[in-house]
Amino acid sequence: MFRHLALCCLFSFTLTIYSAAELRAAELTAGVAKVDITDMQAGPVNDRSYVRALVISDGTTTAAIVTVDAVAIGEIGRIDNEYLGKVRGEVEKTLGIAPANVMINASHCHSVVRTDVDELTVQAISQAAAKMVPVQVGVGVGHEDRIMENRRLQLADGRQIDVRHAYSLPPDEAVAAVGPIDPQIGVLRVDTTEGDTLAIVYNFACHPIQGVPGGANTADMTGYASNVIEQNMSDGTVALFVQGCAGDINPIDYKDVDHPRHAQTLGNLLGLSTLQAARKIETSPDATLRVVNETLPLPRADLAQRIIEMEAEREKLVNSLTGTSLNLKTFLPLVVKYRLSEEFPSYYSHRYLHDKALGRSDLRHLDIENRKNMARYIDNIHTMEQITRVNTNIRLLRKHQADLVDGGKRMIDVELVGLRVGDFVLTTFPGELTVQIGKNIKQASPHEHTFVAGYTNGYIYYAPTADQLRNVGNAQEDSDCVLAPAWQAIYEAKAAQILGKL
Ligand SMILES: [Zn+2]
């Protein structure tokens, strides 16, 4: 053990002296690297996508924190279901890092990455492991609430729907309230003992799907944010974005049709807010490094009844469509005319006055008929919009129900990680947790600086709250979900248990 030397007469502090062996044991070392994974053959490229790796060790435990600018770790997009196992196997064989200690998070941006992304990931981890140096770490919390919104809309009739490009929004008057966001940016700063920054790991919850004008390949807002951080800390800093509980969080102005949507505007704000927090962090020699990795079985949903109900709803909607004399070509000019002049829409006012003087009301009758037809036509459009939402949801429900039947298993195993580096505590889940779940876990945690990552070590689609799953309003994440509502309580209890071990 160490000795305390109290130099009471000269100084009023206690000096701690470690032996050389103890010093080595109590020291963290780390290395970072980033490798370009952009598929340059897949069309125009706006900005590059990367895999970034931070390898960190206390001499006994070694962990790799890896972030990928890609939509998911398996299931959807370019990264296949063999990726995680391949990367871990190779890293264990060549570097001796335990598979359970390799954590890979997808930013969930929709970039197109190279098909050899597994080899490139191993390269990034190997490069990071090859240049490990003694480090100090520190944790901080940033704030950003300008770039995102909750995409679930609470409707006046009690249902919930979500904001997507895949279908239309309901009429404004149907929307009663919106859901929460989580403005926290969890920041881990890793500095060399000389004081240069090596890595900024930052956790935040928002779908990085704003895109860039022209639609070229992009790592989206979180790619831009990482670039801003890397360009404004020490040379060689690697900024690793760890996606949080973004299941129901969209970029702000996601449905804007009046201005070109650009991920850079939002990403720069996120980068600057992260920098603000990162610069305030004081690193310390605290060498705590812990990794907990557990598998939790969660109940799968049987979606058969939901499909029957939704098909019945679609049938009802289809049957409610009524014929009108109008088509799109005749409807649109009428709408303009009837909005421009409430009282005299069909012709100049003098003609109405002339008719009135002669005791005729032909124009008035025409207006009554047109207004009735326009109202019907608008009702039909709203019904059509609802059908587009129902169709999208039925397709997703059918896909997941077929998987359930094929798989024949009522439970699904998920891998959960708890990671502690200094006072930075992170717990992960392999799906799209909605934001309230992250807030619940943070609030229940015994650690002040607890952050939650979805999209990690696998992908099991959306993971909405039990309440959200009970909704019958066709929010897409409720249909793009394989979990039964009971999953939430089971998972939150397990997450608390894992946090307790850190
Ligand atoms: Zn998503």
Side-chain angles (χ1 to χ4, degrees), residues 27-37 50-58 61-69 91 95 97 101-107 121 123-142 185-204 219 222-244 270-291 417 419-426 428 449 451 453 456:
E27 185 181 70
L28 284 181
T29 57
V32 285
K34 62 188 254 194
V35 172
D36 191 334
I37 55 171
Y50 292 95
V51 56
R52 293 172 167 92
L54 164 67
V55 177
I56 192 160
S57 177
D58 65 0
T61 302
T62 301
I65 300 162
V66 181
T67 60
V68 202
D69 294 328
V91 162
L95 302 170
I97 302 175
N101 292 2
V102 177
M103 186 202 104
I104 309 186
N105 174 276
S107 77
T121 303
Q123 260 178 43
I125 299 172
S126 305
Q127 285 173 22
K131 47 183 179 185
M132 291 172 75
V133 294
V135 294
Q136 297 204 142
V137 298
V139 60
V141 181
I185 311 170
V187 186
L188 167 68
R189 176 168 164 170
V190 182
D191 284 359
T192 66
T193 43
E194 281 83 51
D196 288 329
T197 297
L198 207 60
I200 298 292
V201 179
Y202 65 113
N203 167 250
F204 182 73
T222 50
Y224 277 107
S226 293
N227 287 338
V228 165
I229 299 163
E230 289 170 353
Q231 284 159 17
N232 288 282
M233 297 297 282
S234 316
D235 281 351
T237 300
V238 172
L240 298 98
F241 172 72
V242 177
Q243 183 59 269
L270 176 59
L272 290 171
S273 296
T274 308
L275 277 173
Q276 227 169 43
R279 286 190 188 285
K280 285 195 205 125
I281 295 174
E282 306 231 346
T283 61
S284 83
D286 176 358
T288 310
L289 175 64
R290 288 185 198 129
V291 185
V417 170
L419 170 78
R420 179 167 173 186
V421 183
D423 287 328
F424 177 87
V425 172
L426 182 74
T428 77
H449 299 297
F451 308 104
T456 306

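Here, residue 1 is the first one in the sequence, and each next residue gets the next number. The shown structure was predicted, so the numbers you read here are calculated from the model rather than taken from an experiment.
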Inset, instruction - Verify, without hydrogens or angle tests, whether Thr237 (side chain) and Ser234 (backbone) share a donor-acceptor contact under 3.5 angstrom. - result: yes
Legend entry - For Ser273, all residues meeting side-chain hydrogen bond (donor to acceptor under 3.5 Å, both in side chains), sequence neighbours excluded: Glu144, Arg146
Inset, instruction - Could you tell me whether a side-chain N or O of Tyr202 sits under 3.5 Å from a main-chain N or O of Gly271, the two making a donor and an acceptor? - result: no
Inset, instruction - Please list, chain by chain and in numerical order, all residues satisfying side chain to side chain contact (heavy atoms under 4.5 Å, CB included) with Ile65, sequence neighbours excluded. - result: Leu54, Met103, Leu419
Legend entry - Worked verdict on Leu275 versus Met233 for side chain to side chain contact (heavy atoms under 4.5 Å, CB included): CA-CA 8 Å; Leu275 277 173; Met233 297 297 282; 3.5 Å; yes
Legend entry - Minimum heavy-atom distance Ser226-Ala239, with the two atoms named: OG-O, 3.4 Å
Legend entry - Donor-acceptor contact present, side-chain Arg279 to main-chain Ile281, <3.5 Å: no
Inset, instruction - Taking all heavy atoms of Ala30 and all of Leu198, pick out the closest pair and write down the distance. - result: O-CD2, 3.4 Å
Inset, instruction - Output all residues satisfying ring pair (Phe, Tyr, Trp, His ring centres under 6.0 Å) with Phe451, sequence neighbours left out; order by chain, then residue number. - result: Phe424
Legend entry - Partner residues of Arg52 under the salt bridge (charged side-chain N to carboxylate O under 4.0 Å, His left out) criterion, sequence neighbours left out: Asp69, Glu230
Inset, instruction - Could you pull out all residues at least two apart from Asp36 that satisfy salt bridge (charged side-chain N to carboxylate O under 4.0 Å, His left out)? - result: Arg48
Legend entry - Partners meeting side-chain hydrogen bond (donor to acceptor under 3.5 Å, both in side chains) with Thr274 (sequence neighbours left out): none
Legend entry - Nearest heavy-atom neighbours spanning Thr222 and Ala219: OG1-O, 3.7 Å
Inset, instruction - Rounded to the nearest 0.5 Å, what's the gap from CD1 on Ile56 to CD1 on Ile97? Could you check? - result: 11.5 Å
Legend entry - NE2-CG distance between His449 and Leu426, expressed to the nearest 0.5 angstrom: 14.0 Å
Legend entry - From CG (Leu28) to CG (Asp58), nearest 0.5 Å: 6.5 Å
Inset, instruction - Would you name the heavy atoms of Gln136 and Pro285 that are closest together and state the gap between them? - result: OE1-CG, 3.4 Å
Inset, instruction - Check whether any side-chain heavy atom of Leu270 lies under 4.5 Å from a side-chain heavy atom of Ile185, and answer yes or no. - result: yes
Legend entry - Nearest-0.5 Å distance that lies between atom CG in Asn203 and atom CZ in Phe241: 7.0 Å
Legend entry - Arg189 side, atom CZ; Lys280 side, atom NZ - distance, nearest 0.5 Å: 12.5 Å
Legend entry - With sequence neighbours excluded, residues passing side-chain hydrogen bond (donor to acceptor under 3.5 Å, both in side chains) with Asp196: none
Legend entry - Sequence-distant partners of Asn227, side-chain hydrogen bond (donor to acceptor under 3.5 Å, both in side chains), two or more places apart: none
Inset, instruction - Using the test side chain to side chain contact (heavy atoms under 4.5 Å, CB included), find all partners of Ala124 that sit at least two apart in sequence or belong to another chain. - result: Val35, Val51, Ala53
Inset, instruction - State, to 0.1 Å, how close Ser57 and Leu289 come at their nearest heavy-atom pair, and which atoms those are. - result: CA-CD2, 3.8 Å
Inset, instruction - Only counting residues at least two apart or in another chain, list the ones meeting side chain to side chain contact (heavy atoms under 4.5 Å, CB included) with Ala277. - result: Val187
Legend entry - Thr62/Leu95 under side chain to side chain contact (heavy atoms under 4.5 Å, CB included): CA gap, chis, key distance, verdict: CA-CA 10 Å; Thr62 301; Leu95 302 170; over 6 Å; no
Inset, instruction - Specify the closest pair of heavy atoms between Ala63 and Val291, including all atoms of both residues, with the distance to one decimal. - result: CB-CG2, 3.9 Å
Inset, instruction - Please name all residues satisfying ring pair (Phe, Tyr, Trp, His ring centres under 6.0 Å) with Phe204, sequence neighbours left out, ordered by chain then number. - result: none
Inset, instruction - Answer with yes or no whether the side chains of Thr288 and Asp286 bring together a donor and an acceptor at under 3.5 Å. - result: yes
Legend entry - Approximate separation, where rounding is to 0.5 Å, of Tyr50 OH and Leu240 CG: 13.5 Å
Inset, instruction - Apply side chain to side chain contact (heavy atoms under 4.5 Å, CB included) to Pro134 and list each qualifying residue two or more places apart in sequence or on a separate chain. - result: Glu27, Thr193
